[in-house]
**Q** 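The structure is given below, and queries will be raised subsequently.
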Protein chains: 4
Amino acid sequence: MTEKQEKILQAALELFARDGFSSTSTSKVAAHAGVSEGLIFRHFKNKEGLLEAIIKEGEVKARTLFADIVLESDPKEVIRKTIDMVLNISSNRADLEFWKLQYKIKWETEKYGEHKMEPLHLALTSAFTKLGYVSPELEASLLLIINDGLATRIALQKGFKCETLTSFLKEKYQV
Amino acid sequence: MTEKQEKILQAALELFARDGFSSTSTSKVAAHAGVSEGLIFRHFKNKEGLLEAIIKEGEVKARTLFADIVLESDPKEVIRKTIDMVLNISSNRADLEFWKLQYKIKWETEKYGEHKMEPLHLALTSAFTKLGYVSPELEASLLLIINDGLATRIALQKGFKCETLTSFLKEKYQV
Amino acid sequence: MTEKQEKILQAALELFARDGFSSTSTSKVAAHAGVSEGLIFRHFKNKEGLLEAIIKEGEVKARTLFADIVLESDPKEVIRKTIDMVLNISSNRADLEFWKLQYKIKWETEKYGEHKMEPLHLALTSAFTKLGYVSPELEASLLLIINDGLATRIALQKGFKCETLTSFLKEKYQV
Amino acid sequence: MTEKQEKILQAALELFARDGFSSTSTSKVAAHAGVSEGLIFRHFKNKEGLLEAIIKEGEVKARTLFADIVLESDPKEVIRKTIDMVLNISSNRADLEFWKLQYKIKWETEKYGEHKMEPLHLALTSAFTKLGYVSPELEASLLLIINDGLATRIALQKGFKCETLTSFLKEKYQV
DNA sequence: GATGAATGAGGCTTCATTCAT
DNA sequence: GATGAATGAAGCCTCATTCAT
């Protein structure tokens, strides 16, 4: 991966996250990255290919992020980390950008990519089971859905502060 | 509103909901509506104007939908209806399309439009207060966030069935 | 067919005949026709579509040209007219351009389009039969091949004068 | 001439012959030859230079091909060999490709290159003179034009069999 | 009100070519 | 000699929009 390739990816990530995939032209990406437009196609073949490269990089990022939760043995910690995950993301500029893009892509392409969430879902189900919840699987689903809702607000609602809500949630789950 | 105007709006709604705003060209809208492309501009001035018309129609729809909840006096009913709202939407093809568009627009324009939700938030806060919840406002926020999460899943996760989850929620809230 | 449509066709005919299909850009065609480039695509869909439109117009032209020969009953006249056909073409600027294009396209697309020649071939075969030639079908083929060869020279050999050769041929065939 | 240079020339010959000069990109040539694109420019300076190299190679090939005819003393043999030349070409895959390219280039660049044909024309004129033909020069021209016509058919008319016609010609000329 | 011709700007992509390594 | 990164120009085509009818 050359230096300019990285620049292109970074520029695309920023612009796709800000303006959406189809509203971002390759020429804008090139200008933002400070490279010629043709270079995008030499390295990524397509505008689509550029998107795929970003997504692929994202999956690596997501896996490492989830790994910490999935490998946790303390059930309370699993839940706490799941809740805090969204909080952490919202407080880091680069992470926020990255996750906003993930959701934007989902809405533009209408693919949820639930398989990526499966390990997290399993870990949560197991955690709720250990804690004696009556419907552990549904509890797990609900928590992930809450996360989706929080992500929506963080990305779209200007000035939304999620700390109060994540604190509230941690209290609720006693974690 | 002439017949052709309605046709244009309907076509635009369908295409914007399916492919997104910026991925839908005015020529596609015209073709789908069976009218000339120029007519779109005569009636709605802009592509943007077309979108605004759709959003405006949406606000009316949303208001009538929310009215039933907001005017409810029984607090348990307020919560139940809020939960069921998303269920009802998911089971009606036209409604689903309409709401999908609303969320798609939110993600494309990054405007959440929280003011539309305010009456609902108030009604829920009041309901949770009446039921003696410790943090009624946060409970209200959480429920609306859950709704956002559910909407995300309904729109994006192929084959997602929300009945189990809405039942689970109603049980949780004992409504 | 609007005025601008005709202009586009005419410009395309000229440029395709002069520079070849793939060496002629749609922007050049537009400039030569004095219209906006987009108009080409509104009327002909494609660069390919533009070519097809030209070819279609050509087939009509070719049919009327051949009709005069095919409907001739005097066998000697059939042969004479076939030979003179190429002479006539070479002496008319517009016709020359048109036929040059036909051959250029053949060489660019590698489709000979023999079906168009079939009626002529039949008429010639019949003529040579009536005149008592031993191998009338082969004679017909030969004459058409000579025509192809003459066309090649007329189009490509700067300063080639075909009158001497067509006179020579008419003498040979005693027509 | 290094090995890679030959590979490039061979690849270019094939692609130019198949798709034409301007429809063949240097990147396609490089890919087909299995070399880097830059190498083409190091060795041949230009895309044009590549074409010239091919043409130059062609002239050598053509000269050796013509030499056998030109040096022939028996007039009947001169004519027979001229007729058979096109037959031989059509039966050899590599030769066919090579000659197709020659004609394609002619039609793309509109340069007939009649000087290459001059020795052949002279040899034929002399042969027809020796055989007592009335218009030996015109006969020579005609035969070469027939060859052009045959070449056109061989290259463009799928399934064209030239044996019957060359036999017919040899009979006609009693060679 | 309604059409469809017309346009200029911009979209994605490929091209021939250069240059550092 | 050979590669592959890099580029600017150009290619085909679509876009939103205007205007005469």
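So that the names make sense, note that chain A is the first sequence line, chain B the second, and so on, each numbered from 1. Being a predicted model, the structure only gives us computed values, none of them experimental.
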**Q** Nearest-Å distance, CD1 (C/Ile40) to P (E/dA6)?
**A** 12 Å

**Q** Any side-chain N or O of C/His43 under 4.0 Å from OP1/OP2 of E/dG4?
**A** no

**Q** Which whole-number value in Å describes the distance from B/Ile8 CD1 to E/dT3 C1'?
**A** 12 Å

**Q** Report the distance from atom CZ of A/Phe41 to atom C1' of E/dT13, rounded to the nearest whole Å.
**A** 5 Å

**Q** Could you tell me whether a side-chain N or O of C/Glu108 sits under 3.5 Å from a main-chain N or O of C/Gly20, the two making a donor and an acceptor?
**A** no

**Q** Students often get this wrong, so: under 4.0 angstrom with heavy atoms, is A/Thr2 touching a base, only sugar-phosphate, or nothing?
**A** sugar-phosphate

**Q** From the list E/dC15, F/dA2, F/dA16, which nucleotide is the closest neighbour of the side chain of D/Lys4?
**A** F/dA2

**Q** Can you find a side chain N or O atom of C/Lys45 that sits less than 4.0 Å from OP1 or OP2 on F/dT14?
**A** no

**Q** Between B/Leu39 and A/Arg42, who's closer to the 5' end of DNA chain E by nearest nucleotide?
**A** B/Leu39

**Q** How do D/Ser27 and A/Phe21 order along DNA chain E: which one's closest nucleotide is nearer the 5' end?
**A** A/Phe21

**Q** Atom NZ of A/Lys47 and atom C1' of F/dC13: how far apart are they, to the nearest Å?
**A** 15 Å

**Q** Taking all heavy atoms of D/Ala30 and all of D/Ile40, pick out the closest pair and write down the distance.
**A** N-CD1, 3.8 Å

**Q** Can you tell me the distance, in whole Å, between the CD atom of B/Glu48 and the C1' atom of F/dT17?
**A** 14 Å

**Q** So does A/Asn46 get a side-chain nitrogen or oxygen closer than 4.0 Å to the phosphate oxygens (OP1/OP2) of E/dC12?
**A** no

**Q** Parallel, tilted or perpendicular: which one describes the rings of B/Tyr103 and A/Trp107, with boundaries at 30° and 60°?
**A** parallel

**Q** Report which part of the nucleic acid C/Ser22 touches: base, sugar-phosphate, or nothing (heavy-atom distance under 4.0 Å, all strands).
**A** nothing

**Q** Picking from E/dT7, F/dC13, F/dA16, which would you name as closest to the side chain of C/Ser36?
**A** E/dT7

**Q** Remember a base hit wins even if backbone is also touched, and classify D/Glu37 as base, sugar-phosphate or nothing at under 4.0 Å, heavy atoms.
**A** base

**Q** Is it true that a side-chain atom of D/Lys100 and a backbone atom of D/Ile154 form a donor plus acceptor pair closer than 3.5 Å?
**A** no

**Q** Would you kindly give the CG-to-P distance between A/Leu50 and E/dG11, to the nearest whole Å?
**A** 15 Å

**Q** Pairing check on E/dA6: which nucleotide meets the Watson-Crick or G-U wobble criteria with it, both distances under 3.5 Å?
**A** F/dT17

**Q** Starting at NZ of B/Lys7 and ending at C1' of E/dA2, how long is that distance when rounded to a whole Å?
**A** 13 Å

**Q** Expressed as a whole number of angstroms, how long is the span from B/Phe44:CZ to E/dA2:P?
**A** 11 Å

**Q** So if I take every side-chain heavy atom of A/Lys28 and compare against E/dC12, E/dG11, E/dT3, which nucleotide ends up nearest?
**A** E/dG11

**Q** To the nearest 0.5 angstrom, please state how far the CG atom of C/Leu39 sits from the NZ atom of C/Lys7.
**A** 11.0 Å

**Q** Give me the one residue out of C/Lys158, C/Arg18, C/Lys104 that meets salt bridge (Lys or Arg N to Asp or Glu O under 4.0 Å) with D/Glu110.
**A** C/Lys104

**Q** Does C/Thr26 or A/Gly38 map to a spot on DNA chain F nearer the 5' end, using the closest nucleotide for each?
**A** A/Gly38

**Q** Determine the contact category for B/Ser25: base if any of its heavy atoms lies under 4.0 Å from a base atom, sugar-phosphate if only primed atoms, P, OP1 or OP2 are that close, otherwise nothing.
**A** sugar-phosphate

**Q** For C/Thr24, answer base if it contacts any base atom (sugar-phosphate contacts may also be present), sugar-phosphate if it contacts only those atoms, and nothing otherwise; contact means non-hydrogen atoms under 4.0 Å.
**A** sugar-phosphate

